[in-house]
Amino acid sequence: MDEFSIIDNFFKSIEKNRSGLVLTGIGDDAAVLNVPKGHELLVSTDTLVGSVHFLLDWPAEVIAYRALATNVSDIVAMAGTPTWCSLALTLPELNEVWLIRFSKGFANALEKFNIDLIGGDITRGPLTISITIHGIAPIGKAVKRSGAKVGDVIFTTGSLGEGAYAVSKLKSAPYHSKVFTKLFFPEPRCAYSPLLRLFANSAIDISDGLSSDLSHILKASGVGAILYEDNLPLSEVLKDKIPKLHQTEFILDSGDEYELCFTVPKNKKVDFLKKINDNDMCCYEIGEITESHSFLLKQSNHQMTPIKRNGFKHF
Ligand code: ADP
Ligand code: MG
């Protein structure tokens with residue numbers, strides 16, 4: 001089997017045109033795509049390197065799902081709708097069983113997120129998956145990191161901690177254990193995109209850890225923040241697993257969450273929460289944007305302490 005039969009057997013075979021926007025897909029020198037009138041194109045690339053971002057013995061379906069889900073999360077964090085992606089795959093060898101499982105997992109994820117695969121590349125080398133995802137948003141409606149304003153209320157779409165907890169258990173728990181659900185099958189918060197477009201001044205997805213990711217918003221927006229320790233949402237299943245003393249730090253530093261962190265102007269908060277309620281959705285109010293450039297934690301005893309940014313760093 002050569003690279004062309006790999007493309008035909010495993011990737012051309014899972015091609016669909018769900019968006020109706022793909023004019024030319026897999027097989028030509030480039031894909032040709034239609035951006036619907038009144039929309040802007042959002043583009044993001046994420047690369048997952050074997051033994052760095054995932055372990056080589058993870059199930060191929062998990063690697064495929066996670067690769068696409070984390071890319072989807074980037075488009076959602078801009079308040080966009082993901083539309084299509086390309087897949088650059090670097091493989092150490094031709095392992096047909098692995099490829100069958102990978103492409104099946106990838107096809108399922110494409111279906112789940114309603115995305116088209118429009119092309120890619122296959123090369124030989126250490127296992128690496130690089131996805132470029134595109135999405136659309138109505139003109140001017142993409143939500144950026146740079147839009148936070150003094151007085152904004154800071155929210156997350158979910159509780160935190162399970163990402164870091166799963167990573168800590170990789171050597172000791174079997175992969176089918178429930179502990180790994182959030183790490184292996186992250187759920188990008190697609191349903192929140194329309195609400196972000198209506199209400200949010202700024203947004204980011206939590207991949208490296210709340211403290212690190214929120215500080216990107218603060219830097220890009222030239223503002224500071226106070227987080228309320230009492231409101232920081234630790235995942236329910238971790239309450240008896242993480243000692244009380246370490247819970248705050250755990251929430252602030254846990255990566256691989258793919259929850260959204262976003263800010264809403266104070267005067268829109270009531271309408272926003274009503275929409276959340278009406279749609280049976282969930283979110284946690286965790287703090288406020290401040291004028292000073294400091295990033296502080298208001299502790300249970302009302303004392304303020306600086307927050308350290310301890311999220312994942314590549315270098
Ligand atoms: P080129 O030599 O022009 O770069 P390739 O042989 O790399 O073309 O790819 C042929 C076609 O197959 C292109 O349309 C490319 O986008 C597509 N393709 C290559 N690898 C993949 C992949 N992993 N998934 C989907 N499409 C792919
Ligand atoms: Mg090529």
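For ligands, and for the atoms within them, numbers begin at 1 and follow the listed sequence. Side-chain atoms are counted along with the backbone in the values below, which use heavy atoms only and exclude waters and symmetry mates.
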Visitor: Give the atoms of ligand 1, by number and element, whose distance to some non-hydrogen atom of I122 is under 4.0 Å.
Guide: 20 (N), 23 (N)

Visitor: F155 and F272: aromatic ring centres closer than 6.0 Å?
Guide: yes

Visitor: Compute the shortest N/O to N/O distance between I26 and ligand 1 and return yes if it is under 3.5 Å, no if not.
Guide: no

Visitor: Can you tell me which portion of I118 lies within the under-4.0 Å heavy-atom range of ligand 1? Options are side chain, backbone, both, or neither.
Guide: neither

Visitor: Would you say G120 has any N or O atom under 3.5 Å from an N or O of ligand 1, going by distance alone?
Guide: yes

Visitor: Taking NZ in K12 as the centre, count heavy atoms belonging to other residues, nucleotides or ligands within less than 6.0 Å. Is the count above 12?
Guide: yes

Visitor: Report the distance from atom CE of M78 to atom CG of D205, rounding to the nearest 0.5 Å.
Guide: 10.5 Å

Visitor: Evaluate the ring planes of F180 and Y175, with Trp represented by its six-membered ring, and classify them as parallel (under 30°), tilted (30 to 60°) or perpendicular (over 60°).
Guide: perpendicular

Visitor: What atoms in ligand 1 come closer than 4.0 Å to a heavy atom of G27?
Guide: 11 (C), 13 (C), 14 (O)

Visitor: Inspect the surroundings of NZ in K239 and state if more than 12 heavy atoms from other residues, nucleotides or ligands are less than 6.0 Å away.
Guide: yes

Visitor: For F10 and ligand 1, answer yes if some heavy atom of the residue is under 4.0 Å from a ligand atom, otherwise no.
Guide: no

Visitor: Which of the atoms of ligand 1 are close to F4, meaning less than 4.0 Å from one of its heavy atoms?
Guide: 6 (O)

Visitor: Record the part of D121 in heavy-atom contact with ligand 1 below 4.0 Å; permitted values are side chain, backbone, both and neither.
Guide: both

Visitor: Using only atom types and a distance under 3.5 Å, with no angle test, would you say the side chain of K141 pairs donor to acceptor with the backbone of A79?
Guide: no

Visitor: Please find out if less than 6.0 Å separates the ring center of Y65 from that of F185.
Guide: yes

Visitor: Going by the order shown, which atoms of ligand 1 are within less than 4.0 Å of some heavy atom of D29?
Guide: 3 (O)

Visitor: Using the rule that Ile, Leu, Val, Met, Phe, Trp and Tyr join whenever any side-chain heavy atoms are under 4.5 Å apart, tell me whether L87 and V43 fall into a single cluster.
Guide: no

Visitor: If the cut-off is 4.0 Å to any non-hydrogen atom of D28, which atoms of ligand 1 fall inside it?
Guide: 13 (C), 14 (O)

Visitor: For L87 and ligand 1, does the shortest N/O to N/O distance drop below 3.5 Å?
Guide: yes

